[in-house]
Every structure is written in C-alpha cells, then in structure tokens.
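Read the numbers this way: they start at 1 and go in the same order the structure lists the ligands and their atoms. As the structure is a prediction and not an experimental result, all values here were calculated from the model.
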Amino acid sequence: MKAFDNWQKILIECKNVVQTRIKPYLATIGEPQPNLGIGAGGDAMKPVDLAAEEAIVETLKRNAVSFTLISEESGVKKFGAKSSEYFVTVDPIDGSTNFMRGLPFYCCSIAVSRKPMLFDVFTGLVADLVHDITYTAFEGKGAYRNGKKMETSKTTSLEEAVIGLDLNGNKSKIVLPKLSNLISKTKHIRHFGANALELCYVANGITDAFVDIREKLRTTDAAAGFLILKEAGGIVTTAENKEFDVELDPKQTLSFIASGNKEIHKKIISSVNSAC
Ligand code: IPD
Ligand code: CA
C-alpha cells in the first residue's frame, strides 16, 4: 500500500476510535469535569482530552507506527523502536470548552511529519466530531472533505467576506486595535472556538479567512489545519505577510493570517498594518 493510502487509512481509524471513546463523556456535558492536572500546552486536562489522546496513541501502535507524540495534553513522548521516524502532532480535542458546555463545535487534529517542524507536515486530519465530517490532506495531493476535493473561496471583497477572528484571552488589548479596521470593513465577523476546524472552514470556502494574531495558538492546534488549508489553495502568513516555519512543540505558539485567496489576503494584511 502507498504511503498516502496507508496514512489516510490510519488517520481515519484514529478519528473513528476517538469518536467512540468520547461518547461516554457526551452524557456528562454541562456537568463539572475533574481536572487531571495541567497539560503540556498549559491548559487544564479533562478526562475527555486524555481519552481522545489515548485513542490516537493506541490506534497508531496497533498499526505498528513508531513515532514521537507531540501532544497538547501529554507533551512529547516516544513510542516504538524507531520513534524519530514520524512525529505525530495532536490536539486530541480542539474546542474543549465548547465540548464541555455542549456547544456543538469541536474537533480532533492530527498532523504527521518526518521532522518536528511545521513545514515538514506531510499529512493531516481534522475531524469535526459533532457532524462526523473529516478534513484530510496529503502534501501535493490536495485537501478533502469526507473524501471530496476542496477549494478555498474566491471572495475578494472584505465587506462581503465571512472572516473568523480569535480575540480570546489576555492579549486582546494589544490585538484589538490592530484589528479595528478589519472589523469595521467586514460585515460578517465570526469566532466558533476551535481554531483547527476554523482553518478547515477556510479551506472549504465556508469562510474566507481566519485571523489569529494573539501569539497564543499552539502548533498542536494549527499543524494539520495549515496543511489542509494550503492544499486547498489557501495562504498562511504572519501579519507582516511573511511565510514562517516553527518547531512543532506543545509550548510553541504562533500568530497568523489564513486566507482563501491572494487578493483577500493582501487586503487583510494591509488593513491590519494600517490600523493604529
Ligand atoms: C482552543 C481553541 C480556541 C482558541 C484557544 C485554543 P483548546 O483550543 O482553538 O478557539 O481561542 O487559543 O487553545 O484549548 O480547546 O484545545
Ligand atoms: Ca485541546
């Protein structure tokens, strides 16, 4: 079996096992969930996060993959005899707060690379666990939604565009002034609360761009979504319009503007840079 088919099969199997394992926790939605300590990414770990991570690790081991896990929850761990053969970067549940509140927008994100660097990711999966929709990509082979090839949007008008903005957290005082022009020019601003899936929305043309310049998002959340977006024809750069590569590490954070096409990207960049 070719590497492409093999990884697709393994990643889909991971997603299926995650979906089964999180089912019992759906019954406890809305109830307080015990904290199981602080995860490698710096947030409190909940039982559902660890159950999803375990599901991924077990599935990879069952498929005889030797790998280094880079997880938002357990951090960096080695599995198998040749653990530096593959690096598997995961956010087992992106949108944990949504999950625990019963807000139907959360996903699982898995990225695979030969080196622990963002640009080395060659395949990835983001699974919308609410609607059972799977976004996948393999370097050079395009991006797919439930197996159907995806393309980004052709919208170039900021006014008509639907743009995701992440303003969460204590960086909003710095970030908000930079985004004020963009907010005032765009009629449809959104934030759903699971950034890996929001990147796939841009990949699929559901939204036209997603902006997260807080320098807070972890590589574990973004690694698969970036590949999926790029393979669908989208663009990801810094707010200064520079391409960037970073180490895949649960503590490594990034800032980015992700767009469906070059024209809208240019407009977003210029609006962010012309703000006070
Ligand atoms: C969070 C979501 C959220 C973003 C946070 C992330 P998590 O991921 O992607 O939209 O604002 O910065 O940490 O913690 O639910 O995996
Ligand atoms: Ca998470």
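The closest protein non-hydrogen atom to atom 2 (C) of ligand 1 is Asp94 OD1, 3.4 Å. The protein atom (non-hydrogen) at minimum distance from atom 13 (O) of ligand 1 is Arg218 NH2, 2.9 Å. Looking at atom 11 (O) of ligand 1, its nearest protein heavy atom turns out to be Asp166 OD2, 2.6 Å. For atom 5 (C) of ligand 1, the closest non-hydrogen atom of the protein is Arg214 NH2, 4.0 Å.
An N or O contact shorter than 3.5 Å is missing between Ala196 and ligand 1 by distance.
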Full working for salt bridge (Lys or Arg N to Asp or Glu O under 4.0 Å) between Asp132 and Lys15: CA-CA 9 Å; Asp132 196 13; Lys15 170 234 133 189; 2.9 Å; yes
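Ring centroids of Phe226 and Phe256 are separated by less than 6.0 Å, placing the two rings close together.
Around the Ca ion (ligand 2), the protein N, O or S atoms closer than 3.0 Å are Glu72 OE2, Asp91 OD1, Ile93 O, listed by chain and residue number.
The closest approach between a heavy atom of His191 and any atom of ligand 1 is below 4.0 Å.
Side-chain N/O atoms of Ser96 and Asp49 include a donor and acceptor closer than 3.5 Å. No hydrogens or angles considered: nothing links the side chains of Lys154 and Asn261 as a donor-acceptor pair under 3.5 Å. Side-chain atoms of Asp166 and Asn195 include a donor-acceptor pair closer than 3.5 Å. Remark: the Glu243 side chain and the Thr237 side chain contain no N/O donor-acceptor pair separated by less than 3.5 Å. Side chains of Asp94 and Ser109: a donor-acceptor N/O pair is absent below 3.5 angstrom, by distance only. In summary, the side chains of Glu198 and Thr207 do not present any donor paired with an acceptor at a separation below 3.5 Å, with no hydrogens or angles considered. A donor-acceptor contact closer than 3.5 angstrom links the side chains of Ser274 and Asn181.
Residue Ile93 has at least one heavy-atom neighbour below 4.0 Å for each of these atoms of ligand 1: 16 (O). Proximity to Asp43 (heavy-atom distance under 4.0 Å) selects the following atoms of ligand 1: 14 (O).
With Val76 as the partner, the side chain to side chain contact (heavy atoms under 4.5 Å, CB included) test is satisfied by one option alone out of Pro250, Ser71, Pro116: Pro250. Only one option out of Phe87, Phe79, Tyr86, Trp7 pairs with Phe67 in a ring-ring contact (aromatic ring centres under 6.0 Å, His included); it is Phe79.
For Asp91, every heavy-atom contact with ligand 1 shorter than 4.0 Å involves the side chain, none the backbone. Under 4.0 angstrom from ligand 1, the non-hydrogen atoms of Asp221 all belong to its side chain. Contact annotation: for Asn195 versus ligand 1, heavy atoms closer than 4.0 Å belong to both the backbone and the side chain. Under 4.0 angstrom from ligand 1, the non-hydrogen atoms of Ala194 all belong to its backbone.
Taking a 6.0 Å sphere around CD of Glu151, one finds it holds 12 or fewer heavy atoms contributed by other residues, nucleotides or ligands.
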